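The block underneath contains the structure these notes are about, expressed in C-alpha cells.
We count ligands from 1, going down the list as the structure has it; atoms in each ligand are counted the same way. Predicted, not measured: the structure shown is a model, and the values here were computed from it.
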Amino acid sequence: MAQIIKVLKGTKDILPQDIEMWQFIEEKANKIFSSFGFKEIRTPIIESTDLFSRGVGETTDIVNKEMYTFEKSDRSITLRPENTAGVVRSYIENGMSRLSAPVKLWYKGPMFRYERPQAGRQRQFHQVGVEMFGIKQPQADAEVILTAVNFLKSIGLNDLEVEINSLGCPKCRAVFKENLKEVIRPYLKDLCEDCQERFEKNPLRLLDCKVPDCQQIYSKPEIQKVITSDFLCEECSEHYTELKKYLDNLDVKYSENKHLVRGLDYYTRTVFEIKSNNLGSQNAVCGGGRYDNLVSELGGEPTPAVGFAMGMERLISLLPEKTPSLSDAFIVSNNPVEAFKLAQYLRENNINTEMDLSNKKFTKQLEKASKTAKYALILGEDEIANKQVSVKNLETSEQKTVSYEDCIALIK
Ligand code: ATP
Ligand code: MG
C-alpha cells in the first residue's frame, strides 16, 4: 500500500462534525459586525514580504521568527501572519481615504505563523477581526471594544475579561522606554534570552514576557514604579481617560493592566485584550488597539485607525460542543426514480433530503433513516400509485400518509 500522507504539524482539518460551530460564529460575526456598520473585506492570503516587515515591525516575534516566506520569480512572498497589514494595504491602494470617515471593515480567514505548536497555538489558525479608519477620538476605540464584547456575547461568551492599557504616542513612549531600560539594565544578564534581545529592540515587550523569572524581576519595586508611572502626555492621557469614561457608561467591565503591551509594533495609545480563565496559558481570545501611524508608514495619508483580531479556534474551544444536526428527511423506497423525483421536489423547497443510492433492503433503509434524519418518507408501491408518501416522525413514531405538497407542510 502507498504511504499515507499526513496533515502538516500545527495545522488541522476542520471536519464535518465540527463545521456547524464555525458556521455559527461566522454568521454571528457577519450579523454583529454589520450591525455596527462594518463591511466585510477579503484580502489575499499571500502578500509582499515587505508589507509585514514594514507593517508588523522588524522587532516583532512574528517578523523575526514566525513568517512563512518564499521566493517566486525573484519576489519575496509571505503567507499572511495577520490581516491588519493587508487591510491597510488595500485601504491605501483602493483610495478608501476618499470615502467619508469612518471606514469600517471586517474580515475572517486563515493566518499562518511558524510557531511551536501547543494547546491553543497552531501554525495555520483563523481570525475574525475589524478595522476602523479615520477617527482619532476615543469614541472609535470604545465602539471597537463594544463590537468585540457584543460579538462575544452573541455567541454565548459573557464572562470574559477585558483588559486595557495606553501605550501613549511615540513621543511620550520614548521617555518611558528609556526609564524602563534604565531600571531593568542592572538585571539584564538574569533575563531570558528573548528578553535580552528585546531589551534594545523593543523594550516594551519585556513587560509581557511569560517567563516567571523575568516577571519576578519586573515585579521589583523600583521597576514597578516605572511600569505603573503615569508617563502619558496630556493628549494621550485625556484620550485614555475619555475611553474609560465611555466604557464605564456603557457597562463594559474592564480592568487596567500596565503590563499589557501587545506583540506588534504598530500600536499607539489604546491597547486591549480579552481573556478567558478557561484557556490555560494561551488565554487571550482577542487582541486589539489603536494604530495611528500604520497607514502613513505603509505609504498612505496619515489616518488614525483602531481594530482587533480574535482567534477563532480559541473561541470555539470555549463553546459547548454541538451535536451535528440531523437531515430533515430520508426517503425509504425501492423505486429510485420516484425517490429521486420526491427528493428533488423537497430539496427545491429547502428540505434537507437524503435517499438510498445503493438498492439496500427496505429495513436497512429504515434503519439508516432513523439514525440520520428527523423524518422517514416511505414510498412503497401503494404510495406511488396514489401519488402519496407515508411520513414517519422518527422521534414520536407517528405516521401519516399525505400528498407531496402536504408532506412539505408537515415537515416544516
Ligand atoms: P500571543 O501572545 O498568544 O502569541 P499574539 O499577540 O501573537 O498572541 P495576535 O497577533 O494579537 O496574538 O492575534 C490575536 C488573537 O489571535 C490572539 O488573541 C489569539 O486568540 C489568536 N492567535 C494568535 N496566534 C495564534 C496561534 N498561533 N494559534 C491560534 N490562535 C492564535
Ligand atoms: Mg504570538
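At a threshold of 4.0 Å, the pair Asp61-Lys65 counts as salt-bridged, since one of the basic side-chain nitrogens sits closer than that to a carboxylate oxygen. A salt bridge is defined here as a Lys NZ or Arg NE, NH1 or NH2 lying under 4.0 Å from an Asp or Glu carboxylate O, and Lys253 with Glu161 fails to meet this definition. A salt bridge links Glu256 with Lys244: the closest approach of a Lys/Arg side-chain nitrogen to an acidic carboxylate oxygen falls below 4.0 angstrom.
Aromatic pair Phe151/Phe33: centroids less than 6.0 angstrom apart.
Polar contact with ligand 1: absent for Glu313 (N/O pair, distance under 3.5 Å). For ligand 1, none of its N or O atoms has an N or O atom of Glu273 under 3.5 Å away. Distances between N or O atoms of Ala284 and those of ligand 1 include at least one value under 3.5 Å. No N or O atom of Gln282 sits closer than 3.5 Å to an N or O atom of ligand 1.
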Point to revise | Residues Lys201, Glu197; criterion salt bridge (Lys or Arg N to Asp or Glu O under 4.0 Å); working and verdict | key: CA-CA 7 Å; Lys201 285 197 196 157; Glu197 208 172 303; 3.3 Å; yes
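Considering each of Gly120, Gly311, Gly10, Cys286, the one bringing a non-hydrogen atom nearest atom 29 (C) of ligand 1 is Gly120. Distances from atom 12 (O) of ligand 1 to the heavy atoms of Gln127, Arg113, Glu82 put Arg113 nearest.
If you number the atoms of ligand 1 from 1 as listed, the ones under 4.0 Å from a heavy atom of Ala309 come out as 14 (C), 15 (C). For ligand 1 and Arg262, the ligand atoms under 4.0 Å from any heavy atom of the residue are 6 (O), 9 (P), 11 (O).
Looking at Glu115 against ligand 1, only its side chain comes within 4.0 Å, counting heavy atoms. The part of Arg314 lying near ligand 1 is the side chain, judged by heavy-atom distances below 4.0 Å.
No side-chain heavy atom of Asp356 sits less than 4.5 Å from a side-chain heavy atom of Ile331. Inter-residue side-chain proximity for Phe176 and Ser229 is flagged as met; some heavy-atom pair is nearer than 4.5 Å.
Residue contacts with ligand 1 include Lys210, since one of its heavy atoms falls under 4.0 Å from the ligand.
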